[in-house]
Amino acid sequence: AQSVSQHNHHVILSEAASLELGCNYSYGGTVNLFWYVQYPGQHLQLLLKYFSGDPLVKGIKGFEAEFIKSKFSFNLRKPSVQWSDTAEYFCAIRRTGKLIFGQGTTLQVKP
Amino acid sequence: DAGITQSPRHKVTETGTPVTLRCHQTENHRYMYWYRQDPGHGLRLIHYSYGVKDTDKGEVSDGYSVSRSKTEDFLLTLESATSSQTSVYFCAISESSGEGPYEQYFGPGTRLTVT
């Protein structure tokens, strides 16, 4: 079955630290890839998306992600996190029109 | 933000009672989705709709039914609520489901507690 795996379930960082959240998927064909963020008490918002072209995708709020096809990965990065980045982050792939989400990673940034 | 509202935003109900959650959109998007969010599971698709009166099952559809009589409204019904259906329910909309730069926009969520 197609699946999306986020290896880090809970990450704690200090402000200004660099962030990398892992995301791997199991499908070998063409995929569309997404990272969503959910701030405490809020709905999901799109951070960035990959459809084709440059595998390094830049999103909002200084986030970026790199699609590595050979590794079936789409890791999310940010060079310097802020306290306001405290949130839950979800990786998702789209196949046959439906989104398949990973389990989510809770990021806690300490001031 | 996309024009998506969900009602109610919070509900507490008893086991065995029917519950209907409503999703309303003002974007005229063709596709609408219902997800549930549970710790450790991310979001899982319950049902989706690809047009008025056109719906299909998702990954976790048992115990749920849906209806879409108008483009703007997508209803999720729990015929007889169980404690395992305690969750946060999100509605989403999308212009297209095809492979391309189409994203899903999410509503604010409904927190449902079944006692």
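Note that this is a predicted model, so its numbers are computed, not measured. Throughout, a chain's letter reflects where its sequence line sits, starting with A, and its residues are numbered from 1.
Counting heavy-atom pairs closer than 4.5 Å to chain A, the top-ranked of the candidates Pro39(B), Ala92(B), Gly107(B) is Gly107(B).
Tyr31(B) and Leu75(B) fall into different hydrophobic clusters, defined by Ile, Leu, Val, Met, Phe, Trp and Tyr side-chain heavy atoms under 4.5 Å apart, directly or through other members. In this structure, Tyr27(A) is a member of the same hydrophobic cluster as Trp35(A), with clusters built from ILVMFWY side-chain heavy atoms closer than 4.5 Å. Taken together through direct or relayed side-chain contacts under 4.5 Å among Ile, Leu, Val, Met, Phe, Trp and Tyr, Ile60(A) and Phe74(A) form part of one hydrophobic cluster. Follow the hydrophobic side-chain contacts under 4.5 Å out from Val12(B) and you never reach Tyr89(B); the two are in separate clusters. Connection of Tyr39(A) to Leu76(A) is established within a shared hydrophobic cluster, with ILVMFWY side chains joined at heavy-atom distances below 4.5 Å, either directly or through further cluster members.
Using a 4.5 Å cut-off between heavy atoms, Tyr50(A) does not touch chain B at all. Residue contact with chain A, scored on non-hydrogen atoms closer than 4.5 Å, involves the backbone and the side chain of Leu43(B) alike. Heavy-atom distances place the side chain of Gln37(B), and not its backbone, under 4.5 Å from chain A.
The minimum heavy-atom distance linking Glu103(B) with Arg94(A) is given by the pair N-NH1, 4.4 Å. In plain terms, the two heavy atoms of Gln38(A) and Phe90(B) that are nearest each other are NE2-CZ, 3.2 Å.
Rounded to the nearest 0.5 angstrom, Glu59(B) CD and Phe101(A) CZ are separated by 11.0 Å. With values rounded to the nearest 0.5 angstrom, Gln104(B) atom CD is found 10.0 Å from Leu44(A) atom CG.
Within 6.0 Å of CZ in Arg111(B) there are 12 or fewer heavy atoms belonging to other residues, nucleotides or ligands.
With sequence neighbours left out, the side chain to side chain donor-acceptor pair (under 3.5 Å) criterion links Gln103(A) to no other residue.
Counting only heavy atoms from C-beta outward, the side chains of Leu99(A) and Tyr35(B) approach each other to under 4.5 Å.
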